[in-house]
Amino acid sequence: MKIGSEAHKELFCYSFLDNHRQYEPEKLPWPELDEIALQRLRAIPFWATALATEQKAGAMINAYTKTINDPLVREAISLQGKEESRHARLIEFLIKHYGIEIVPPTPEPLPQNIEPAFIKFGFNECVDSFLAFGIFKLARLSHFFPEPLFAIFDTILDEEASHIVFFINWFAYLQVSQGEESKILGAGKTLCYYGKAIKHLAAITGNPNSQKPEKSFTFTGANTFIDTLTPQAFLTACLEENTRRMSYFDQRLLQPKLLSTVSKVALNILNFLPSRPPQSRTVKL
Ligand SMILES: [Fe+2]
Ligand SMILES: [Fe+2]
C-alpha cells in the first residue's frame, strides 16, 4: 500500500465510514446507579471540560468539512464531526440523567485557520486517546462503576480509536498530496505536532485549576479513577490497551506510534530503577 495513493485514501476513508455505529445517546441502556456510584460520578471533575471539548470539536470539524473538495474525504470528516457532536450530546445526556452539577460551557468562536486547527486537534486526540485507553482499562478493572456504564464509554473510546487512525492516515495522505513526500521532512513535521500536543498536555496538567475548555479530561480523569498506581502499571495498561484497540484496524493502515514508542522506552528505564512504593493520587469514594 503506497501511502498517499488513491488506494490508500480509499482504504482509510472507507475503513472509517464502515466503522460507524448507529445509536442515539438518549436511547442507550443507561444503568440505574446506587448512591456510591452516583457520588463517584458526580465527584468526577471533568464533565464540563469533556462537554466543552466535544462541542468545540464537533463545531470545528463541521465547519472544516465545508472547505474540503475531495468528496470521499469530505464524507469521512463530516462523519467524524457528527460523531464528536454525538459525544457532546451523550455527555450532556449523562449530566442531566444523573443530576451532575456543572457550569455550562460558553461556546467559543471557530478558529480562523480551520485546517491547522483540525490538525492540532488530531494530534491532541492521539495523545489523549493513548492515555485514556489505559485509564479506562484500570478504572474498569477496579469496578469503579457498574459494567453497563463502562460499556457505554467503551463505544466512545472505540470511536476515538477510529478517529486517530483515520487522522494519522489522512495527515500522511495530505502531506503527500501537497508534495511533501520526503520521509525525513514528514517525520519532522509529525514530531513537531506531537511535541506541541504533549506540551499542551503538560501545560494543562501543570495547572490543575485551569478552567479552559480545552483542559484535557484525560489527566483530570486519571486523578479521579486511579487510587494507588505505579508509573509502570499505568504505562503497561496504556500500551496493552492501545495494542488491543489498534489490532482491530486494517494493518495496512498507519497507526499513531509516537506515544507507544516513548512509553516502551520509559517502561524499560523504569524497570531498571529501584522500585518505590506506589503513590496515592486520589481519594476514592
Ligand atoms: Fe469525541
Ligand atoms: Fe474524536
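Every number for a ligand or one of its atoms is a count from 1 in the order of the listing. This is a predicted model, so every value here is computed, not measured. Counting begins at 1 with the first residue of the sequence.
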Salt bridge present between Arg89 and Glu26 (N-O < 4.0 angstrom): yes
Leaving waters out, which protein N, O or S atoms fall under 2.8 Å from the Fe ion (ligand 1)? Glu54 OE1, Glu54 OE2, Glu84 OE1, His87 ND1, Glu160 OE2
Kindly confirm or rule out a cation-pi arrangement of Arg40 over Phe144, judged by NZ or CZ under 6.0 Å from the six-membered ring centre and within 45° of its axis? yes
Is it possible for you to check whether Arg244 lies under 6.0 Å from the centre of the six-membered ring of Phe133, through NZ or CZ, and within 45° of that ring's axis? no
Which of parallel (below 30°), tilted (30 to 60°) and perpendicular (above 60°) describes Trp170 and Tyr64? perpendicular
Parallel, tilted or perpendicular: ring planes of Phe171 versus Phe123, cut at 30 and 60 degrees: perpendicular
If you look only at pairs with a residue in residues 131-154, which of them pass as a salt bridge (Lys or Arg N to Asp or Glu O under 4.0 Å), with sequence neighbours excluded? Lys137-Glu240, Arg140-Glu147, Arg140-Asp154, Asp154-Arg245
